[in-house]
Undergrad: 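Handing you a structure now.
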Amino acid sequence: MAWALAVFLTALVFAQAVGRILGLRRRNIQQRAKLFGILGAEDAHKKKIIGFFHPYCNAGGGGERVLWAAISALQRKEPEVVAVVYSGDTDATKEKIIDKVKARFDIELSPTTLHFVFLQSRHLVEDSAWPRFTLLGQSLGSMWLAYEAMTFLIPDLFIDTMGYAFTFPVVSLVGNIPVGAYVHYPTISTTMLSRVRSRSQGVTNSEVISSSALLTYGKLLYYRIFMYYYAYSLRQARFLMVNSTWTKNHVDSILQHRDLFLDVIHLLPPFIGLKLLSNRQSPREAKIVYPSCDTRQMAMSPLEGRERIILSIAQFRPEKDHPAQLRAFHKLLELYPEYRGSVQLVLIGGSRNVDDATRVENLHMLARELGIRDHVQFVVNASYAEVLRWLSRASIGLSTMVDEHFGINIVEFMAAGVIPVAHASGGPLLDIIVPLNGEPTGYHATTPETFAEAFRTVLTLPKEAELALRQRARTWAVQKFSAEEFEKGWDESGWRSWLFR
Ligand SMILES: *[C@@H]1O[C@H](CO)[C@@H](O)[C@H](O)[C@H]1NC(C)=O
Ligand SMILES: *[C@@H]1O[C@H](CO)[C@@H](O)[C@H](O)[C@H]1NC(C)=O
């Protein structure tokens with residue numbers, strides 16, 4: 001009885017929604033005409049629209065740089081395509097945003113093929129709106145935001161550049177258009193899920209009171225359902241780009257994620273519609289498209305005449321593990337005392353607050369304890385020009401952070417011709433310090449001993465080999481993280497075939 005009622009109600013809601021969606025699609029013809037009118041576009045029937053979903057488009061961070069670089073390339077290569085950015089920056093205007101992009105990133109945007117749709121309900125995706133069940137709340141919020149976007153304008157192709165995968169089913173359903181995405185970071189990862197799972201097993205094995213076991217089970221179920229729908233949403237995309245190997249590994253494993261129990265549940269009547277929707281041509285894996293790094297300034301420094309300086313550029317945050325840098329340097333001087341006095345360690349970094357300042361103090365102390373204080377220099381809050389100067393003098397670039405997702409400082413070392421020695425993990429291992437034509441572009445290490453040996457290797461390189469290595473590191477970094485490579489990556493992602501179907 002209750003079952004029949006549920007099915008009936010679902011059908012009713014469904015019918016309502018279908019009516020609305022059809023209404024929206026009909027109205028969209030006028031909305032498009034209006035947009036082309038505003039832009040003063042001729043031959044409107046030839047135009048195509050790509051909608052970029054980026055509610056925080058005016059934030060000025062790395063994610064925004066990717067968005068604007070992509071749109072700028074699009075404007076250059078496809079004059080018949082209009083880029084529409086769905087933004088929640090209701091306090092900004094088109095002119096202000098274009099100016100800020102120019103000032104912040106030195107990227108030119110043409111106003112003639114760019115338009116903004118300002119969304120009113122961005123607060124729904126903010127953490128503060130969802131003190132509890134934040135992930136779920138934000139995801140539902142993003143679905144509503146995408147629906148709002150579609151009520152303003154349905155594009156010909158929808159590309160999410162902020163990682164709101166839950167918008168994909170909404171847009172597919174409401175707009176009946178293809179969806180793609182550039183993903184910086186997965187919302188939830190399979191490792192997170194297995195961590196919760198192993199904890200729940202830990203709890204059941206121990207003699208903890210059952211209520212907390214129940215809580216953990218509840219949490220596990222929550223994550224499981226969330227992951228199920230996240231994977232489902234990601235599979236609605238026709239093409240997926242990611243910003244690094246790290247993100248690719250996570251996204252690929254989510255695309256493969258299966259949950260038999262939840263699959264079976266979704267064969268029941270109220271859910272079966274979702275199952276039918278999911279038979280799309282989703283990609284099996286994501287494509288890596290590295291964001292471009294602006295290395296022009298670094299690439300101008302001379303490769304010859306380097307001083308015996310080991311340089312670290314990292315904010316004084318705990319995860320950067322500056323103590324490991326001091327220990328590695330100490331080990332070098334211990335193993336090879338002849339370097340005492342002739343090799344210097346320079347730590348450059350921003351100190352944002354009291355905690356950072358305390359960390360710097362502690363580093364001073366550690367350096368004194370290790371007896372290397374006279375050979376270590378701290379440069380706090382250096383200006384950009386100062387950083388460039390150090391980059392043009394140093395021999396070795398040091399990074400000790402474990403599992404760094406990327407490591408733009410290492411790209412900068414390499415572009416400047418500074419030979420990198422970095423912890424063997426994360427982006428530095430997988431993406432950045434990788435061989436060029438079978439020859440090294442830098443070194444990896446894990447312990448003070450291995451770091452010290454890597455320093456030693458660089459310091460004893462014959463002159464010609466050293467110069468070749470600096471040149472190789474530069475060539476590699478400048479080319480791999482260039483704007484051209486970034487644009488090529490977008491081209492190869494296949495978005496054109498989905499727009500010009
Ligand atoms: C990818 O995005 C994440 C999250 O914003 C960031 O931490 C990481 O550095 C990015 N990777 C690259 C290659 O820019
Ligand atoms: C570094 O800059 C921050 C603010 O950006 C400031 O609070 C701090 O005092 C500065 N530290 C030093 C040593 O200049």
Side-chain angles (χ1 to χ4, degrees), residues 54-57 59-70 105 125 127 138 160-165 181-189 191-192 240-252 254 286-295 313-317 319-320 322 346-364 377-384 386-387 399 401-415 420 422-423 425-434 476-483 485-487 489-490:
H54 206 110
Y56 293 87
C57 79
E64 287 66 57
R65 190 171 198 281
V66 165
L67 168 72
W68 303 123
F105 302 116
V125 297
D127 303 352
Q138 285 179 313
D160 160 59
T161 44
M162 264 200 90
Y164 289 114
Y182 186 101
V183 184
H184 291 266
Y185 203 79
T187 308
I188 170 179
S189 63
T191 38
M192 240 159 116
L240 285 170
M241 290 171 266
V242 288
N243 78 350
S244 61
T245 306
W246 187 89
T247 306
K248 176 180 163 61
N249 291 342
H250 281 275
V251 167
D252 286 355
I254 294 164
K287 174 178 171 50
I288 300 179
V289 179
Y290 294 110
S292 62
C293 304
D294 186 359
T295 50
I313 303 180
Q315 275 191 354
F316 290 100
R317 283 190 276 151
E319 66 272 19
K320 300 292 180 188
H322 287 92
V346 176
L347 308 186
I348 299 189
S351 155
R352 303 154 303 166
N353 48 38
V354 184
D355 288 349
D356 287 356
T358 314
R359 246 186 302 280
V360 175
E361 274 311 304
N362 290 341
L363 289 171
H364 278 268
Q377 187 176 341
F378 291 85
V379 186
V380 178
N381 288 353
S383 68
Y384 185 63
E386 224 175 325
V387 173
S399 165
M401 180 169 166
V402 178
D403 284 333
E404 180 148 42
H405 295 166
F406 188 54
I408 189 150
N409 56 335
I410 296 168
V411 176
E412 291 175 347
F413 285 146
M414 294 168 77
H423 191 270
S425 62
L429 179 69
L430 301 170
D431 296 312
I432 308 178
I433 312 175
V434 290
W476 175 235
V478 169
Q479 193 253 359
K480 184 167 185 184
F481 304 102
S482 66
E485 280 296 305
F486 172 76
E487 290 174 17
W490 272 76

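Just so you know, these numbers come straight off a predicted model, no measurement behind them. Order of appearance sets the numbers: ligands from 1, and atoms from 1 within every ligand.
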Undergrad: According to the interplanar angle, ranging from 0 to 90°, do the rings of Tyr290 and Phe481 count as parallel (below 30°), tilted (30 to 60°) or perpendicular (above 60°)?
TA: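 Plane angle over 60°, so perpendicular.
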Undergrad: In a simple table, one pair per line, please give the protein and ligand 2 atom names for every N or O pair closer than 3.5 Å, along with the distance.
TA:
residue  : atom   : partner : partner atom : Å
ligand 2 : 2 (O)  : Asn381  : ND2          : 2.3
ligand 2 : 11 (N) : Asn381  : ND2          : 2.9
ligand 2 : 14 (O) : Asn381  : ND2          : 3.2

Undergrad: With side chains defined as the heavy atoms from C-beta onward, is the minimum distance between Ile433 and Met414 less than 4.5 Å?
TA: yes
Undergrad: Looking at Met162, is its backbone amide N or carbonyl O close enough to the side chain of Tyr56 to form a donor-acceptor pair, meaning the two atoms are under 3.5 Å apart?
TA: no
Undergrad: Run Asp431 and Thr245 through side chain to side chain donor-acceptor pair (under 3.5 Å) and show every step you take.
TA: CA-CA 7 Å; Asp431 296 312; Thr245 306; 2.2 Å; yes
Undergrad: Measure across Ala415 and Ala477 and return the closest heavy-atom pair with its distance rounded to 0.1 Å.
TA: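 Result for this residue pair: N-CB, 4.0 Å.
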Undergrad: For residues Ile432 and Gly407, report the shortest heavy-atom separation together with the two atoms involved.
TA: CD1-O, 3.4 Å
Undergrad: Is any N or O atom of Asn243, backbone or side chain, closer than 3.5 Å to an N or O atom of ligand 1?
TA: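 Indeed, backbone or side chain, Asn243 has an N or O that close.
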Undergrad: May I ask whether Gly63 has any heavy atom positioned less than 4.0 angstrom from an atom of ligand 1?
TA: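 It does not; every heavy atom stays at 4.0 Å or beyond.
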Undergrad: With side chains defined as the heavy atoms from C-beta onward, is the minimum distance between Phe486 and Cys293 less than 4.5 Å?
TA: no
Undergrad: Does any N or O of ligand 1 fall below 3.5 Å from an N or O anywhere on His184, backbone included?
TA: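 Such a contact does occur with ligand 1.
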